[in-house]
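Residues take their numbers from the sequence shown, with the count starting at 1. First listed ligand is number 1; within each ligand, the first listed atom is number 1. Computed over heavy atoms, backbone and side chain alike; hydrogens, waters and symmetry mates excluded.
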Amino acid sequence: MLLKDHWYVAAWAHEVTRGLLARRLLGEPVVLYRSTAGDPVALEDRCLHRRAPLSLGRVVGDEVECGYHGLRFAPSGECTLVPGQDRVPRVSGPDGRPVPACVRSYQVVERHGFVWIWMDGAAPGDPAAIPDYHWHTEPGWETDYFYVNPRADYRLAIDNLLDLSHATFLHRGNVGSTALVENPPETIVTDDAVEVRRRLRNVENSPTFSALMGLARVDNFRGTVYRPAGDIRIYTIYEPPGNRDPERQRIFQVLTPVTPETETAHHQFLTHCRNFAAGDVRDRFVREVQVAMMEDQGMLESQQRSLADDRTDLPILNIGTDKGPLAARRILDRLERPPRAAAPRRFP
Ligand code: FES
């Protein structure tokens, strides 16, 4: 079950233009574009007429014109034009009375370089609840942007990012080091958040960061913070062992919002902000981070296939580093549970 009553990243802000962008979000086909005023618009990507994807049409003024027979839809979703007819037919509403014919329109907000979408039709979302991703557009940082689309349940990505001990093995040639598996993390759990963190002293640096920082050994404070449904950030501070000079700290933030595409695929929009690996060495940073992301994608997709055809009756074995991922699953399980019906009143 996918949680609709949360804000999700639908797209990078720069992806949403005066053209039409098709994207499946939480199992629903959505088409995104910008109005003449520059505001993002999100509509159901399915024409009312013969169900052609609206994303195969074109933007005309503020409206979308279906590419098949030319029906037009306003940002509100209302059908405004049927070519060759004087009027748009009305349809039967929930109470049987005629109402305007509409495709679904979604609430969207542009913030911190993303277009956020609220997909719960039952009640509007509160924009104050949009995760704070100001780092994404903060000036003064070296920043690179990545997008991946693994064919895997988004919860596997949450597991992956809350248990970074996997980097020791899966990313041993780039961003992993033995320090992660040798130093169990501290896990902090609240009602709606999980933080997994490590404070490491004088440990081996990873091959990638060792080369980029010129530091084979480091003190390293790092953690992952997760909030439902898809808000994930990783923070890391590297410094020479015993350092007391803030100027020598190497700070690395990875913002990794995840949005379910379906129950078995997801979008990851990654922003890597840092105060190192600029200039000549940036290409190496990007190349090696991309390799690590492909390693993660390959593992998540293999895991998804393995889970899908798992016919064993053996329970999943949990180990110490699963504390964070298990806490996140418990929060999601609680949110996914439908509210229990009130017990019938008993009268004497
Ligand atoms: Fe869209 Fe016919 S399917 S106008």
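- A donor-acceptor pair is defined here as one N or O able to donate and one able to accept, closer than 3.5 Å; no such pair exists between the side chain of Glu301 and the backbone of Ala152.
- A side chain to side chain contact (heavy atoms under 4.5 Å, CB included) with Leu20 is found for one member of Leu32, Val64, Leu54 and no other, namely Val64.
- Checked for salt-bridge contact, Arg24 and Glu28 miss the test: no charged N lies under 4.0 Å from a carboxylate O.
- Other residues, nucleotides and ligands contribute more than 12 heavy atoms inside 6.0 Å of the CG atom of Asp95.
- Side chain of Arg50 to main chain of Cys47: no donor-acceptor pair is present (N/O by atom type, distance under 3.5 Å, no hydrogens or angles).
- If you look at atom 2 (Fe) of ligand 1, the protein N, O or S atoms less than 2.8 Å from it are His49 ND1, His69 ND1.
- The pair Asp144-Arg274 meets the salt-bridge criterion, since a charged nitrogen lies less than 4.0 angstrom from a carboxylate oxygen.
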